[in-house]
Amino acid sequence: MLERTEILIPVGGFLTPTEPVHPLVEGPWQDCLGDLAQGRRVLLVGERRVVDAHDLEVDIILAGGERQKSLEAATQLARDLVVSGIDRNHLLVAIGGGATTDLVGFVASVTLRGIPWLPIPTTTLAMVDASIGGKTAVNLPEGKNLVGSFHQPEGVIVDRRLLTSLPHARRMEGLIELVKTALCHGALGEKVLAAGSVEELEALLFHGAQVKLDLVSRDPLDKGPRQALNLGHTVGHALEALFMPRLSHGEAVAIGLVPVLRMGLGDGAQPWLEALQRVGLPLKPPNEVDRDQLLAFMQRDKKGGKMVVPRPGYSVELWSDAEAILEYIESEAFVDTPPTIA
Ligand code: GLY
């Protein structure tokens, strides 16, 4: 039996204002960085694709991508920073996608026992989710983000000009995380459901980032309501680990959202499924999913196999029993969209 173990966000959501854990600003990144650096020496670490596409001058270049999120890459970056003479009075700035901001943030949290850092996300996914709220991590062969830390940045700068070089499928990934965040917040939710195109959804990215920051600020260490942001991620992370690099994070989360929407919202899931369909990523898992492997990855997830489930009224609950959840997933058809996974 599925058991509801915890209410993460009550019906109607949170109504009281909260002090943000870090600033979140939108604008030309060079101007914003000048304000936030407050005269400190900046050390800029950039992802190769972004450095090339926007002709940036940086101190250190990283390969980018999920494969670089390893302890080996973290060691190399820490060594490069120490050789470059970094100290705790510097501001370490990461410019790139979520894999780059996760890695640089992790290295900033442990090098010299902690260096101030600041991410400038260059993907929709990092803008609305990965770079907000101080979670940093690298992967292990056993799963994603299994070694990491909480290290709040000095701020996050959103500059949508940096999205122009992003391939279409990657640009769509962040819109999935936007839909996920909107499930926790009525005002954003209504705008997301009313958005009829990907352009209208993309215009809501900064609002999505603000909602995430608000949620994180209530629970910086992920012990309560922040866990609502793991909607779709129990199945999503497991699929991503099983099919890396064939399935991207956004694709895996899109697929993972389908069963929890149906479990938690019943008929009320339909407008949300339509919002996911508008983004256009596949919503069915690859045919050859191995049940036992999927279950093993789901149980290894940091929530111990518990599943975050959206409920009516923009509330969110944590339900237990991964086996029962998997049976539910198997018994339910996933949404039928063209199988675009190669
Ligand atoms: N990506 C979910 C969180 O930051 O809590």
Side-chain angles (χ1 to χ4, degrees), residues 47-50 62-73 96-103 121-126 128-130 137-147 163 165-180 198 230-261 273 276-302 305 307 322 325-326 329-330 332-342:
E47 181 176 324
R48 158 112 22 231
R49 183 193 69 76
V50 181
L62 294 178
E66 204 57 34
R67 282 186 190 279
Q68 86 175 347
K69 272 177 59 176
S70 65
L71 282 168
E72 293 73 20
T100 294
T101 59
D102 275 4
L103 171 68
T122 59
T123 62
T124 51
L125 197 138
V128 76
D129 192 59
V138 293
N139 301 330
L140 293 179
E142 287 73 20
K144 264 185 68 111
N145 297 336
L146 292 182
V147 176
L163 293 177
S165 58
L166 199 59
H168 179 79
R170 288 200 67 196
R171 204 156 166 159
M172 294 305 104
E173 281 192 74
L175 302 187
I176 298 295
E177 297 283 1
L178 174 70
V179 174
K180 171 207 77 177
V198 289
N230 289 323
L231 277 165
H233 282 61
T234 305
V235 174
H237 272 164
L239 286 172
E240 193 183 355
L242 277 175
F243 290 98
M244 191 186 290
R246 202 169 127 198
L247 268 190
S248 70
H249 180 72
E251 286 170 331
V253 172
I255 296 167
L257 277 170
V258 174
V260 289
L261 281 167
L273 294 172
L276 290 178
Q277 280 174 318
R278 267 196 289 286
V279 178
L281 297 181
L283 298 179
K284 264 179 182 289
N287 288 335
E288 65 276 25
V289 176
D290 180 296
R291 183 189 196 284
D292 293 339
Q293 275 187 321
L294 185 66
L295 188 61
F297 273 105
M298 280 169 62
Q299 283 171 330
R300 213 178 277 151
D301 205 58
K302 292 182 285 308
M307 181 85 102
I325 289 164
L326 198 62
I329 292 169
E330 285 174 332
E332 285 290 303
F334 283 82
V335 170
D336 216 2
T337 55
T340 52
I341 303 168

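Values reported hereafter were calculated over all heavy atoms of this structure, with side chains retained and with hydrogens, waters and symmetry mates removed.
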Exercise for review: For Glu66 and Ser248, run side chain to side chain donor-acceptor pair (under 3.5 Å): C-alpha distance rounded to whole Å, both residues' side-chain angles, the deciding distance at 0.1 Å, then the answer.
Suggested key: CA-CA 9 Å; Glu66 204 57 34; Ser248 70; over 6 Å; no
**Study point:** Evaluation steps, side chain to side chain contact (heavy atoms under 4.5 Å, CB included), between Val198 and Met172
**Key:** CA-CA 8 Å; Val198 289; Met172 294 305 104; 3.6 Å; yes
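In this structure, a donor-acceptor pair under 3.5 Å is absent between the side chains of Thr124 and Glu177. Checked by atom type, the side-chain pair His233/Glu240 shows no donor-acceptor distance below 3.5 Å.
In this structure, Thr100 and Lys69 have side chains that are not in contact, with every pair of non-hydrogen atoms separated by 4.5 Å or more. For the pair Leu125 and His249, the minimum side-chain heavy-atom distance is below 4.5 Å. Residues Val235 and Val260 form no side-chain contact, since every pair of their non-hydrogen atoms from C-beta on lies 4.5 Å or further apart. Within the 4.5 Å cutoff, the side chain of Leu281 has no heavy atoms near those of the Leu276 side chain. Considering only heavy atoms from C-beta on, Leu140 comes within 4.5 Å of Leu71 through its side chain.
Residues meeting the salt bridge (charged side-chain N to carboxylate O under 4.0 Å, His left out) test with Glu173, sequence neighbours left out: none. Residues meeting the salt bridge (charged side-chain N to carboxylate O under 4.0 Å, His left out) test with Asp129, sequence neighbours left out: Lys180, Lys212. Partners of Arg170 under the salt bridge (charged side-chain N to carboxylate O under 4.0 Å, His left out) rule, at least two apart in sequence or in another chain, do not exist in this structure.
Of the possible donor and acceptor atoms, one in the side chain of Thr122 sits under 3.5 Å from a partner among the backbone N and O of Gly96. Remark: side-chain polar atoms of Asn139 are not paired, donor with acceptor, to backbone N or O of Ser70 under 3.5 angstrom. With hydrogens and angles ignored, the 3.5 Å screen pairs a side-chain donor or acceptor of Glu47 with a backbone N or O of Gly97. A donor-acceptor pair under 3.5 Å links the side-chain atoms of Arg171 to the main chain of Leu163, judged by distance alone.
Once rounded to the nearest 0.5 Å, the distance linking CG of Leu261 with CG of Leu231 reads 8.0 Å. To the nearest 0.5 angstrom, Thr234 atom OG1 is 11.0 Å from Leu239 atom CG.
Across all their heavy atoms, Ala130 and Asp102 have their closest contact at O-OD1, 4.1 Å. The two residues Ala126 and Gly98 come nearest to each other via the heavy atoms CB-N, 3.6 Å. For Pro286 against Leu247, the heavy-atom pair with the smallest separation is CD-CD1, 4.2 Å. For Ala254 against Pro282, the heavy-atom pair with the smallest separation is CB-O, 4.2 Å. Between Lys284 and Ile255, the shortest heavy-atom distance links the atoms O-CD1, 3.3 Å.
More than 12 heavy atoms of other residues, nucleotides or ligands lie within 6.0 Å of CZ in Arg278, so this atom counts as buried by the packing criterion.
The pair Glu251-Arg246 fails the salt-bridge criterion, with no side-chain N (NZ, NE, NH1 or NH2) lying under 4.0 Å from an Asp/Glu carboxylate O.
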